[in-house]
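What follows is a short report on a single structure.
Nothing here was measured: the structure is a model prediction, and the numbers come from that model. We're numbering straight along the sequence, starting at 1.
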Amino acid sequence: MNRVLLGLSIAGALCLPGMAQAEDARLAFGGDMFAAGQYAQLAEPVANDAFLAGYDVSITAPVTGDAHIAGYNVSVTSSVGGGLYAMGFAVNLTGSVGGDVTAAGNSVLLKLGTPVAGNVRLAGATVTIDTPITGAALASAGTLSLNAPIDGDFSFYGENITFGPNATISGKVAIHAPNEIAVPAAVASADRVTFEKLVNVDYVGEGARTAETVVKGFWPAVWGSLLWGLFLLVIGALFIAFMPRGVAAMQSISEKRPFRRIGLGILAFASVVGLVPVVALTLVGLLLVPVVVIFAIVACILAYLAGTYYAASNIGGAFLKIDTNLKRIAALAIGLIVAALIVMIPFIGWLITLGIVAFGFGVIAAVIMVRWSAPDAARIDTPTAG
């Protein structure tokens with residue numbers, strides 16, 4: 001599954017420049033083919049796997065390995081040696097598949113030129129199976145049209161099934177539907193058919209139970225938030241009390257050019273978070289991933305704390321003089337309360353919180369850069385002996 005998501009992500013990334021030109025972009029790597037665009041067509045044979053994403057997506061050339069496709073209109077008219085995974089609005093599969101078939105869409109048509117060698121899993125509002133299936137078949141559909149033999153078991157979840165003249169099922173048949181669906185004896189004998197009624201969900205009752213669960217979980221969430229806020233307040237108070245010079249230095253930095261601090265903070269934030277995948281690239285680095293993750297979490301917490309405090313201190317300083325540790329701790333407490341309320345605002349709350357974290361990262365990074373660059377600046381100003 002991770003490989004599928006990675007492949008489609010790469011195809012999606014290729015889609016960005018291709019969409020602007022209404023052309024597909026493609027990348028061949030290790031025998032795999034990645035293609036994306038408004039019209040992503042695979043017209044050349046692929047030695048390994050294929051990954052395609054776009055609006056109109058089609059495979060018209062043989063694929064030796066697996067094929068992974070995502071788009072609005074999806075069409076496969078050639079052979080796929082391995083498994084086929086397709087998702088879209090209209091999915092039409094008319095080639096041949098050597099492995100399993102997994103497809104989902106508003107309408108799904110399975111009408112291959114040769115029998116499916118593996119299992120079939122289909123989901124859609126309208127699903128049509130018009131090709132023999134060697135393995136088992138699982139279908140979820142509003143309406144299913146079955147007109148082909150299935151050698152394995154068959155399971156259906158939906159509302160209605162239409163059986164064509166070529167429909168036969170050799171294995172067990174399990175039907176899950178709101179109303180009983182009659183299976184002709186020519187399709188499957190009655191002793192192999194089971195039916196389970198799908199009961200409509202009691203939405204009112206479920207809503208009441210959900211509300212009850214929310215109410216029961218309300219106070220634990222409140223106490224958890226209060227304890228977390230108290231923890232941040234204690235950490236901030238310790239910094240204010242025992243690191244007055246550092247706090248004062250960052251205060252001076254935070255008072256000037258706040259937007260520049262946010263810009264620098266975004267870079268610092270990206271650098272800290274980006275350490276995790278960078279370290280994981282090597283076998284030795286994998287051993288350090290837990291340490292780097294802990295470092296990134298601690299850095300983000302300190303940045304949030306710094307951003308909250310200095311934002312509250314600078315705003316409060318415009319109205320009254322904050323010149324004692326008690327006033328500074330009070331400003332931190334008010335800032336934490338306001339920040340906790342801000343994050344609850346729909347849509348923009350998390351953006352403002354991200355800005356607070358970036359501001360904190362920028363203030364801390366600016367102080368560190370000034371202190372680290374001072375010795376280098378002194379060396380530059382001091383001429384070396386020739």
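Counting side-chain heavy-atom gaps under 4.5 Å among Ile, Leu, Val, Met, Phe, Trp and Tyr, the cluster of F319 also holds I315. Other members of the cluster containing Y157 are L138, with ILVMFWY side chains joined at under 4.5 Å, either directly or via other members. Under a 4.5 Å side-chain heavy-atom cut-off, the cluster of Ile, Leu, Val, Met, Phe, Trp and Tyr residues that includes V343 is completed by M344.
The shortest side-chain heavy-atom distance between S140 and H176 does not fall under the 4.5 Å cut-off. Looking at L305 and L332, their side chains come closer than 4.5 Å, going by heavy atoms from C-beta outward.
D49 contributes atom CG, which lies 5.0 Å from atom CG of D32 (distance to the nearest 0.5 angstrom). We find the OH-CG distance between Y309 and L233 to be 12.0 Å, quoted to the nearest 0.5 Å. The distance from atom CG of L52 to atom OG of S58, rounded to the nearest 0.5 Å, is 8.0 Å. With rounding to the nearest 0.5 Å, the separation of CG in L146 from OG1 in T168 is 8.0 Å. Atom CG of N73 sits about 4.5 Å away from atom CG of D56, to the nearest 0.5 Å. The line from CD1 of I69 to CG of L93 is 7.0 Å long, rounded to the nearest 0.5 Å.
Atom NZ of K172 has 12 or fewer heavy atoms from other residues, nucleotides or ligands within 6.0 Å.
Contacts of S79 classified as side-chain hydrogen bond (donor to acceptor under 3.5 Å, both in side chains), with partners at least two apart in sequence or in another chain: none. Contacts of I301 classified as side chain to side chain contact (heavy atoms under 4.5 Å, CB included), with partners at least two apart in sequence or in another chain: W228, L232, I297. Evaluation of the side chain to side chain contact (heavy atoms under 4.5 Å, CB included) rule for K321 yields D323 as partners, not counting sequence neighbours. With sequence neighbours left out, the side-chain hydrogen bond (donor to acceptor under 3.5 Å, both in side chains) criterion links R328 to N325. With sequence neighbours excluded, the residues that form a side chain to side chain contact (heavy atoms under 4.5 Å, CB included) with V173 are F154, I169, I175, A188, V193.
Hydrophobic clustering (ILVMFWY, side-chain heavy atoms < 4.5 Å, transitive): V298 and L275 are in one cluster. Put simply, V367 and Y304 are part of the same group of oily side chains (I, L, V, M, F, W, Y) that touch within less than 4.5 Å, one to the next. Follow the hydrophobic side-chain contacts under 4.5 Å out from Y310 and you never reach I322; the two are in separate clusters. Taking hydrophobic clusters as Ile, Leu, Val, Met, Phe, Trp and Tyr residues chained together by side-chain heavy-atom distances below 4.5 Å, L109 does not share a cluster with I59. Note on I235: it clusters hydrophobically with V357, by side-chain heavy-atom contacts below 4.5 Å among ILVMFWY residues.
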Pair up each side-chain donor or acceptor in residues 345-353 with any protein partner under 3.5 Å, not counting sequence neighbours, and list the distances.
residue: W350; atom: NE1; partner: F347; partner atom: O; Å: 2.9
residue: T353; atom: OG1; partner: G349; partner atom: O; Å: 3.0

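For the pair E159 and P178, the tightest heavy-atom approach, listed with the atom from each and the gap, is CA-CD, 4.1 Å. Contact detail for I150 and D153: the closest heavy-atom pair is CG2-O, 4.1 Å. Of all heavy-atom pairs spanning A237 and I329, the tightest one is CB-CD1, 3.9 Å. Among all heavy-atom pairs drawn from V74 and G88, the shortest one is CG2-CA, 4.3 Å. Summarising the geometry of G65 relative to V80, their closest heavy-atom pair is O-CG1, 3.4 Å, with the distance given to 0.1 Å.
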Hey, mind stepping through T128 and N147 against side-chain contact (heavy atoms from CB on, under 4.5 Å) and telling me if it holds?
CA-CA 8 Å; T128 302; N147 187 36; over 6 Å; no

So M250 and I364, side-chain contact (heavy atoms from CB on, under 4.5 Å) or not? Walk me through it.
CA-CA 7 Å; M250 286 188 282; I364 297 174; 3.9 Å; yes

Kindly determine whether F231 and L227 satisfy side-chain contact (heavy atoms from CB on, under 4.5 Å), including the steps that lead there.
CA-CA 6 Å; F231 171 76; L227 289 175; over 6 Å; no

Go through Q251 and N314 one step at a time and tell me if the side-chain contact (heavy atoms from CB on, under 4.5 Å) criterion holds.
CA-CA 8 Å; Q251 180 72 55; N314 292 338; 2.7 Å; yes

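Within the structure, ring pair (Phe, Tyr, Trp, His ring centres under 6.0 Å) pairs that include any residue of residues 87-106 comprise Y72-F89 (at least two apart or interchain). Among residues at least two apart or in separate chains, side chain to side chain donor-acceptor pair (under 3.5 Å) pairs with a member in residues 102-126 are D100-R121, T102-R121. Within the structure, the ring pair (Phe, Tyr, Trp, His ring centres under 6.0 Å) test picks out the following pairs touching residues 249-271 (sequence neighbours left out): F269-F361.
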